[in-house]
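Below, read A as the first sequence line, B as the second, and so on, with proteins coming before strands; counting in each chain starts at 1.
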There are 2 protein chains.
Amino acid sequence: MNDLTIELRQDDEKHLYEQIYEHIKQEIRKGKLLTGEKLPSTRSLAEFLAVSRNTVEMAYGQLLSEGYIESRPYKGYFVCEIDDIFALEGERGKNAKVAPWNVRVKKEAEEPGFLLDFSPHAIDMTAFPFSTWKKITKNILVDANSEMFASGSPKGDRKLREIISLYLYSSRGVNCMPEQIIVGAGNDYLLMLLEKILGRHVKIAMENPTYKRAYRIFDSFAYQISPVELDVSGMSVEALKKSGADVAYVMPSHQYPTGIIMPIGRRMELLKWAEEKEERYLIEDDDDSEFRFKGKPVPSLQASDWAGKVIYIGTFSKAIAPAIRISYMVLPIPLLETYEKKCSFYSTTVSRIDQRILGEFIEKGHFERHLNKMRKIYREKHDLLLNELKDMEEIFQVSGEGAGLHILLDDKKGRKEKELLEVAAAAGVKAYGLSEAYIGEAVPGRKENMVILGYAALSKEQIYEGAQMLKKVWK
Amino acid sequence: MNDLTIELRQDDEKHLYEQIYEHIKQEIRKGKLLTGEKLPSTRSLAEFLAVSRNTVEMAYGQLLSEGYIESRPYKGYFVCEIDDIFALEGERGKNAKVAPWNVRVKKEAEEPGFLLDFSPHAIDMTAFPFSTWKKITKNILVDANSEMFASGSPKGDRKLREIISLYLYSSRGVNCMPEQIIVGAGNDYLLMLLEKILGRHVKIAMENPTYKRAYRIFDSFAYQISPVELDVSGMSVEALKKSGADVAYVMPSHQYPTGIIMPIGRRMELLKWAEEKEERYLIEDDDDSEFRFKGKPVPSLQASDWAGKVIYIGTFSKAIAPAIRISYMVLPIPLLETYEKKCSFYSTTVSRIDQRILGEFIEKGHFERHLNKMRKIYREKHDLLLNELKDMEEIFQVSGEGAGLHILLDDKKGRKEKELLEVAAAAGVKAYGLSEAYIGEAVPGRKENMVILGYAALSKEQIYEGAQMLKKVWK
């Protein structure tokens with residue numbers, strides 16, 4: 001009994017039962033109470049400690065449920081046999097905050113500083129209609145009931161899918177019913193779902209150069225990736241056929257990074273290729289198709305697909321804000337059944353509240369107004385950059401202009417990309433190289449002297465300044 | 001030239017250039033303008049139609065970029081050769097809204113109606129602090145700047161991970177640095193990420209019965225799943241060893257559906273098993289550990305893990321609201337490097353705004369208050385249900401009580417689960433069977449007469465009423 005002399009503190013922030021529990025637990029862990037040893041009955045310990053029997057019962061109950069002691073009918077409470085109890089000795093005290101091993105955890109990377117960053121992936125957030133977004137959020141929350149906080153359909157709420165279906169039809173010519181749309185938290189997640197639908201033994205053809213992010217994701221699926229070189233119309237269907245791939249990932253409306261718009265003839269050839277075999281599909285990434293600065297938007301490839309061969313993927317992260325984690329995937333009808341079977345039990349990754357906010361943002365016309373505004377802003381930046389770079393037209397051939405959020409410069413003097421980027425970096429300007437977008441082994445004829453300049457996130461003053469700095473070091 | 005007699009309507013809502021573009025495109029598609037045919041020059045067409053040359057140039061530009069026509073230097077514009085142009089004929093008119101194929105798209109399923117549903121997975125949303133949540137949202141939006149709408153760290157924002165790390169330490173004894181935490185949109189998504197980390201040739205042991213949702217997800221990964229039968233302490237380590245599995249998925253604090261709390265001895269055995277081989281890991285799903293109605297919460301298995309063997313997964317969907325798509329995974333340090341290599345390029349699936357709202361909800365103490373309130377509400381429902389079922393104690397053995405959000409009833413008369421559920425359903429009451437939670441082939445000794453009753457989402461009145469109805473049909 002002496003072992004259980006417990007100093008109970010009434011003023012302790014811990015309940016009395018917790019203090020008793022903690023004491024006995026420590027005695028067992030330290031080996032002072034040995035396996036098989038009998039504990040006092042709840043009644044006698046209560047008397048001894050001058051606490052209520054209920055308090056002791058609660059302490060014993062906790063020890064029982066954590067497996068430190070066991071109750072033997074008509075006999076009482078006994079210390080359990082615990083394998084490797086002394087391994088517990090190392091258990092961290094309340095104050096220790098760092099793991100004991102000497103492994104250094106990689107700190108999250110910080111970007112090195114540049115004065116100006118011509119990133120082709122950043123976007124302009126300054127014109128985002130914060131107040132509209134806030135107002136919609138506020139109004140939705142006022143009406144929000146528990147229904148809104150309940151879990152929604154795995155595909156996304158039907159109302160939002162209806163809105164997206166109409167938007168895609170009118171803006172991109174995409175033909176689909178809301179049943180074909182799956183809303184998810186970002187393109188990466190939707191590609192992960194698609195992996196479940198298409199299976200894991202997929203040989204996928206990708207345009208080369210391509211969107212490296214998608215490449216990394218397919219690579220993480222252990223997909224066999226066939227890089228397919230581009231001609232002036234985009235992915236060569238001849239080369240695609242030779243690759244033996246079943247699935248092709250393409251950006252027909254505005255290829256990243258080349259800016260190639262796939263002409264209708266090539267689109268028909270691609271669709272014909274897909275129709276030849278049941279297992280063939282085309283993944284259409286329609287990322288920045290909203291931003292075209294002359295003429296009408298080019299229709300999507302999906303718009304010409306009558307055989308159910310195009311998987312269409314798009315996002316609101318680029319046109320609205322990166323933090324809005326809402327993308328959509330339009331499955332062709334032949335794949336819907338596979339989705340139902342293999343994926344429909346995955347819970348949705350987007351909160352219903354966010355779905356409602358976005359739905360209203362589109363439905364009330366704010367999205368279209370925002371797009372129009374952004375198109376104007378981006379066009380002005382695009383024109384300014386091209387105009388400022390005119391002095392260098394003897395040195396650089398410009399391409400990829402007229403749409404998207406970046407341009408390409410091809411050094412006519414044959415200077416290598418690496419050299420161009422290095423002198424820019426030395427002046428504090430981050431430019432990007434085409435080589436970053438190449439996948440697979442180098443083939444003859446690959447461009448080695450092309451630089452990418454994205455202008456979306458820079459202000460006009462910064463674009464002007466950046467252009468002057470680049471002219472100084474590149475000319 | 002006659003072919004290009006275009007009736008231009010100034011009052012049309014379409015721009016003039018669009019009307020010209022549309023007309024020529026249709027002529028090409030209908031085969032009235034043939035491959036190789038020369039178009040009039042922009043100047044002559046402009047004169048002919050009495051529009052500005054710029055208008056015609058825009059129309060030609062659009063046709064060029066979509067690949068209907070091509071420009072030959074010094075020669076002019078010519079209609080392109082388009083493979084399979086007539087396939088386009090089917091292209092949907094503006095009014096057609098339904099796909100032409102006769103495939104019927106499966107309509108989203110609706111649940112059949114029950115008067116009362118004792119679902120073990122539903123939760124009580126009526127006590128959700130909507131107004132607090134709304135207020136936090138409002139305040140955050142007031143301060144929200146473009147930073148908040150930018151894309152965040154793939155692991156989730158550091159601030160939220162710090163808050164989660166502290167919360168897990170104080171409430172569940174989980175030892176981790178914010179670097180080890182990955183925030184994601186739901187457990188399902190985090191398991192998808194984990195698949196990328198652990199690889200695809202994993203043999204995984206699962207408690208049997210288990211949480212069927214996790215089973216379905218592992219099954220969709222094509223993992224080899226070994227069901228391991230339970231004894232009174234949970235997963236048998238002997239059986240686990242025999243299974244040959246590398247990874248075990250366990251719910252040590254409150255096993256679903258049995259409610260077994262794994263005692264410390266078994267936990268040490270499990271950890272020892274994992275330590276024996278480098279590739280062995282334990283996935284700890286700590287789903288409803290917050291709801292324990294007597295004593296202190298049982299610490300997590302991760303709290304006793306010193307070898308870096310436990311992958312800890314939890315969610316806020318259950319304790320806050322299902323629509324809050326925020327879960328977290330704590331990776332042991334040995335797996336962090338693999339995460340960095342294989343997964344760190346996946347964008348986060350949770351918006352920064354939602355991360356901020358949740359962070360503040362926890363940090364300001366609202367989460368703890370909410371949990372305390374819910375614990376009280378659930379305890380009352382739990383007690384009420386047990387009390388109402390007392391009349392049947394000769395018929396049913398109750399288990400799994402005292403924690404979680406459901407109880408188990410074991411029919412002493414040996415009536416089968418199916419019969420019990422059917423008579424309940426006939427009375428309008430949905431009860432659940434233990435068999436739903438079993439995986440793999442039936443083994444001797446499997447319980448066939450157990451019913452699961454979840455009480456979280458029902459009001460007290462409904463629980464009372466439901467209990468009376470069940471007594472009537474089961475007694």
Side-chain angles (χ1 to χ4, degrees), chain A residues 18 58 61-62 65-68 80 82-84 90 92 99 103 105-106 125-126 128 134 137-138 141 146 149-151 175 177 179 185-186 188-189 192 196 216 220 261 263-265 268-269 272 294-296 298 304 306 321-325 333 336 340 342 345-347 349 351-354, chain B residues 58 61-62 65-68 80 82-84 87-88 90 92 103 105-106 125-126 128 134 137-138 141 146 148-151 175 177 179 185-186 188-189 192 196 216 220 261 263-265 268-269 272 294-296 298 306 321-325 333 336 340 342 345-347 349 351-354:
Chain A
E18 267 190 87
M58 278 173 76
Q62 186 73 26
S65 62
E66 292 186 19
Y68 286 99
C80 285
I82 299 168
D83 198 14
D84 259 341
R92 163 175 321 190
V103 181
V105 175
K106 205 180 147 197
M125 285 295 301
T126 56
F128 182 75
K134 289 175 192 179
T137 307
K138 225 176 99 184
L141 283 174
S146 56
F149 287 88
S151 80
N175 291 313
M177 288 172 284
E179 282 82 2
D188 300 359
Y189 169 72
M192 284 167 101
K196 305 293 172 219
R216 275 200 213 102
S220 80
I261 297 168
I264 184 73
M268 298 320 293
E269 277 182 71
K272 205 174 152 191
K294 25 181 206 185
K296 280 159 50 91
V298 179
S304 307
W306 278 86
I324 307 305
R325 306 303 303 152
I333 289 183
L336 271 188
E340 295 294 342
K342 295 193 179 169
F345 47 83
Y346 287 108
S347 314
T349 43
S351 93
R352 301 190 82 176
I353 300 166
D354 292 350
Chain B
M58 278 173 74
Q62 187 71 26
S65 61
E66 292 186 20
Y68 286 97
C80 285
I82 299 167
D83 199 12
D84 260 339
L88 284 169
R92 166 171 322 188
V103 183
V105 176
K106 203 179 148 197
M125 285 295 300
T126 56
F128 182 76
K134 289 175 191 180
T137 307
K138 224 176 101 183
L141 282 174
S146 55
M148 283 264 299
F149 286 88
S151 80
N175 291 314
M177 288 173 283
E179 283 81 1
D188 300 359
Y189 170 72
M192 284 167 101
K196 305 294 171 217
R216 274 199 216 104
S220 80
I261 297 169
I264 184 76
M268 300 319 293
E269 277 182 71
K272 205 175 152 190
K294 26 180 206 186
K296 281 158 49 90
V298 180
W306 278 87
I324 308 305
R325 306 303 305 152
I333 289 183
L336 271 187
E340 295 292 344
K342 294 192 179 169
F345 48 82
Y346 286 108
S347 316
T349 43
S351 92
R352 303 191 80 174
I353 299 166
D354 292 349

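Residues that satisfy the ring pair (Phe, Tyr, Trp, His ring centres under 6.0 Å) test with B:Y189, not counting sequence neighbours, are A:Y189.
In this structure, chain B has heavy atoms under 4.5 Å from both the backbone and the side chain of A:F345.
Rounded to the nearest 0.5 angstrom, A:M192 CE and A:S220 OG are separated by 7.0 Å. Between the CD atom in A:E340 and the CD atom in A:E179 there is a gap of 9.5 Å [rounded to 0.5 Å]. Rounded to the nearest 0.5 angstrom, A:I264 CD1 and B:C80 SG are separated by 10.5 Å.
Put simply, of A:T349, A:I353, A:T137, the one with the most heavy-atom pairs under 4.5 Å next to chain B is A:T349. When each of A:K342, A:R352, A:E66, A:K138 is scored by its heavy-atom pairs under 4.5 Å with chain B, the top score falls to A:E66. Interface summary for chain A: among B:D354, B:I324, B:L141, B:V298, the most heavy-atom pairs under 4.5 angstrom belong to B:L141.
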